[in-house]
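I have a structure I would like to understand better, so I am pasting it below and will then ask my questions one at a time.
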Amino acid sequence: MPRLPPLNALRTFEVAGRLGSIRAAAEELVVTPGAVSRQVRVLESWLGVPLFAHEGRGLRLTPDGARYLDAVTRHLAALGAATDELTGRSASEHALHIRAYTLFATNWLIPRLSGFHQSQPWVELELMTSSRPDDFGQGDVDAEILPAGRQTSPGFETDVLVSDEVVLVCSPAYRQRYGLEVPADVAHLPAHGFLRSVASPELWDRWFAAAGLHGVDARHGPSFGDSSLTCRAAAAGQGVALAPLTFVAADLAAAHLVMPFAQGVGPLMRFCLARPTDRPRTRAFTAFRAWLLGEARSATEVEGVRRGRDPVT
């Protein structure tokens with residue numbers, strides 16, 4: 001049997017050559033750009049042939065590199081096909097299409113997603129986001145992550161992932177300017193100070209009810225596509241916003257936002273994983289669901305410990 005080059009270096013070369021970028025290859029492989037560069041150098045050293053030429057910040061295949069990439073790509077594809085044939089798994093077993101609410105994807109899922117790629121590198125995950133309720137419940141993806149109660153269509157099985165209190169947040173300067181100390185103080189805010197999310201139009205009414213406030217009208221504040229944007233506007237000092245506590249924890253820790261009132265004021269918001277029962281439960285979905293539920297349990301336990309030890313200030 002002819003000598004084979006280091007297979008990890010070979011796979012790294014294929015990704016870097018296909019994408020034409022060390023940084024893009026690092027993102028796909030979930031490693032650092034330095035790790036990609038080292039693997040490419042290992043392969044070039046083993047072959048004794050330069051595969052890439054660096055042009056400024058860009059990357060270009062040498063003629064030898066281009067020919068080698070073509071051969072490597074064909075043989076890796078053939079190896080993958082032979083593996084699928086042997087194991088009885090089709091390409092669809094590896095693919096996973098998930099649609100998630102933008103707030104959940106941005107503030108909760110994406111910061112954790114590298115752990116899933118590292119543990120299940122064979123899953124080809126496509127993550128789409130939306131804040132429009134009408135985009136959900138169509139059954140055109142393998143699963144969806146959305147606020148509980150939004151999935152009104154029959155034929156879905158669900159798992160609750162996050163159950164958290166909705167809190168009011170604003171910038172430190174905004175809190176000081178309007179003297180926000182107790183929930184009743186929001187009644188004195190200007191109409192443009194209530195930052196609204198079109199994805200959760202009922203959230204202010206639910207918060208007012210939970211806080212025991214009546215007669216406060218938040219319908220005339222500026223409207224944003226989702227709660228992530230309302231929180232960014234709040235951090236910029238434009239008003240007060242509502243969001244689940246877990247999703248603004250990083251901004252609170254960094255003092256970009258403050259929570260003027262103690263916890264126990266707002267309503268709960270739950271996010272769930274919903275799978276249409278008329279779609280097959282693939283191996284990729286099963287792996288993703290198990291990982292997601294494990295992350296949700298860990299996050300709940302950590303948050304419970306944190307809240308039990310840290311006083312609200």
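Please read all numbers here as calculations on a predicted model, not as lab measurements.
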Heavy-atom check, side chain of Pro276 versus side chain of Asp278, under 4.5 Å: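 Touching, per the 4.5 Å side-chain cut-off.
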Aromatic plane relationship, Phe271 with Phe104 - under 30° parallel, 30 to 60° tilted, over 60° perpendicular: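 The arrangement is tilted - the two ring planes meet at 30° to 60°.
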Give the minimum heavy-atom separation between Phe224 and Gln238, together with the two atoms involved.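 Phe224 and Gln238 have their closest heavy atoms at CZ-OE1, 4.2 Å.
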Is there a continuous path of hydrophobic side-chain contacts, each under 4.5 Å between heavy atoms, that joins Leu293 to Leu125?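 The answer is yes; both residues are in one hydrophobic cluster.
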I'd like to know if the side chain of Glu165 reaches the main chain of Leu245, judged simply by a donor and an acceptor atom lying under 3.5 Å from each other, with no hydrogens or angles considered.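 Checking the backbone N and O of Leu245 against the side chain of Glu165, no donor-acceptor pair under 3.5 Å is found.
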Could you tell me whether the side chain of Thr106 and the main chain of Leu103 form a donor-acceptor pair under 3.5 Å?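 No; judged by distance alone, with no hydrogens or angles, the pair does not exist.
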Given side chains that start at C-beta, do those of Val240 and Val186 come closer than 4.5 Å, heavy atoms only?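 The answer is no, as the side chains (C-beta and beyond) never meet within the 4.5 Å cut-off.
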Counting C-beta onward and ignoring hydrogens, is there a side-chain heavy-atom pair between Cys170 and Val258 closer than 4.5 Å?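 The answer is yes; the side chains approach within 4.5 Å.
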Ring centers of Phe136, Phe156 separated by less than 6.0 Å: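 Not close enough - the centres of the two rings lie 6.0 Å or further apart.
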Is it true that, when you exclude Arg11 itself, more than 12 heavy atoms of the residues, nucleotides or ligands shown sit nearer than 6.0 Å to its CZ?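 Counting neighbours around CZ of Arg11, 12 or fewer heavy atoms of other residues, nucleotides or ligands fall under 6.0 Å, so no.
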Specify the closest pair of heavy atoms between Met269 and Pro244, including all atoms of both residues, with the distance to one decimal.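 Between these two residues, the closest heavy atoms are SD-CG, 3.7 Å.
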In plain terms, say whether Arg281 and Glu157 are close enough for a salt bridge, that is, a side-chain N and a carboxylate O under 4.0 Å apart.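 So Arg281 pairs with Glu157 through a salt bridge.
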Is there a donor-acceptor pair under 3.5 Å between the side chain of Asp205 and the backbone N or O of Phe208?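 Here the side-chain-to-backbone pair does not exist.
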So Tyr178 and Tyr174, would you call those rings parallel, tilted or perpendicular, with 30° and 60° as cut-offs?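 Answer is tilted, since the angle falls between 30° and 60°.
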Side-chain ion pair, Arg99 and Asp135, N-O less than 4.0 Å: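 Salt bridge between Arg99 and Asp135, a charged N being under 4.0 Å from a carboxylate O: no.
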Which of parallel (below 30°), tilted (30 to 60°) and perpendicular (above 60°) describes Phe116 and Trp291?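 Correct class here is tilted.
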Would you say the side-chain atoms of Asp142 pair up with the backbone N or O of Ile98, donor to acceptor, closer than 3.5 Å?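 Answer holds: no.
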Taking all non-hydrogen atoms of both residues, which atom of Ala100 and which atom of Ala105 are closest, and how far apart?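 Minimum heavy-atom contact is CB-CB, 4.1 Å.
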Any side-chain donor near an acceptor of the partner, Thr102 and Ser228, under 3.5 Å: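 Per modelled atom types, Thr102 and Ser228 side chains form no pair under 3.5 Å.
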Look only at the side chain of Ser45 and the backbone of Arg41, and say whether a donor-acceptor pair between them is shorter than 3.5 Å.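 A pair under 3.5 Å: no.
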To the nearest 0.5 angstrom, please state how far the CG atom of Asp226 sits from the CZ atom of Arg232.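 If we round to the nearest 0.5 Å, Asp226:CG and Arg232:CZ are 10.5 Å apart.
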Between the main-chain N or O of His94 and the side-chain N or O of Glu124, is there a donor-acceptor pair closer than 3.5 Å?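 No; judged by distance alone, with no hydrogens or angles, the pair does not exist.
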Does Arg175 reach the main-chain N or O of Val169 with its side chain, forming a donor-acceptor pair under 3.5 Å?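 Judged by distance alone, no pair lies under 3.5 Å.
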Give a yes or no on whether Arg177 atom CZ has more than 12 heavy-atom contacts from other residues, nucleotides or ligands under 6.0 Å away.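 Yes, CZ of Arg177 has more than 12 neighbouring heavy atoms, counting only those of other groups under 6.0 Å.
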Validation row: Tyr68, Leu43 side chains within 4.5 angstrom (heavy atoms):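 Side-chain contact under 4.5 Å: yes.
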Where the side chain of Asp185 meets the backbone of Val182, is there a donor-acceptor pair that is under 3.5 Å apart?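 Such a contact is found between Asp185 side chain and Val182 backbone.
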Spell out, as yes or no, whether a donor-acceptor pair under 3.5 Å connects the side chain of Thr62 to the backbone of Pro50.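 Yes, Thr62 side chain to Pro50 backbone: donor-acceptor pair under 3.5 Å.
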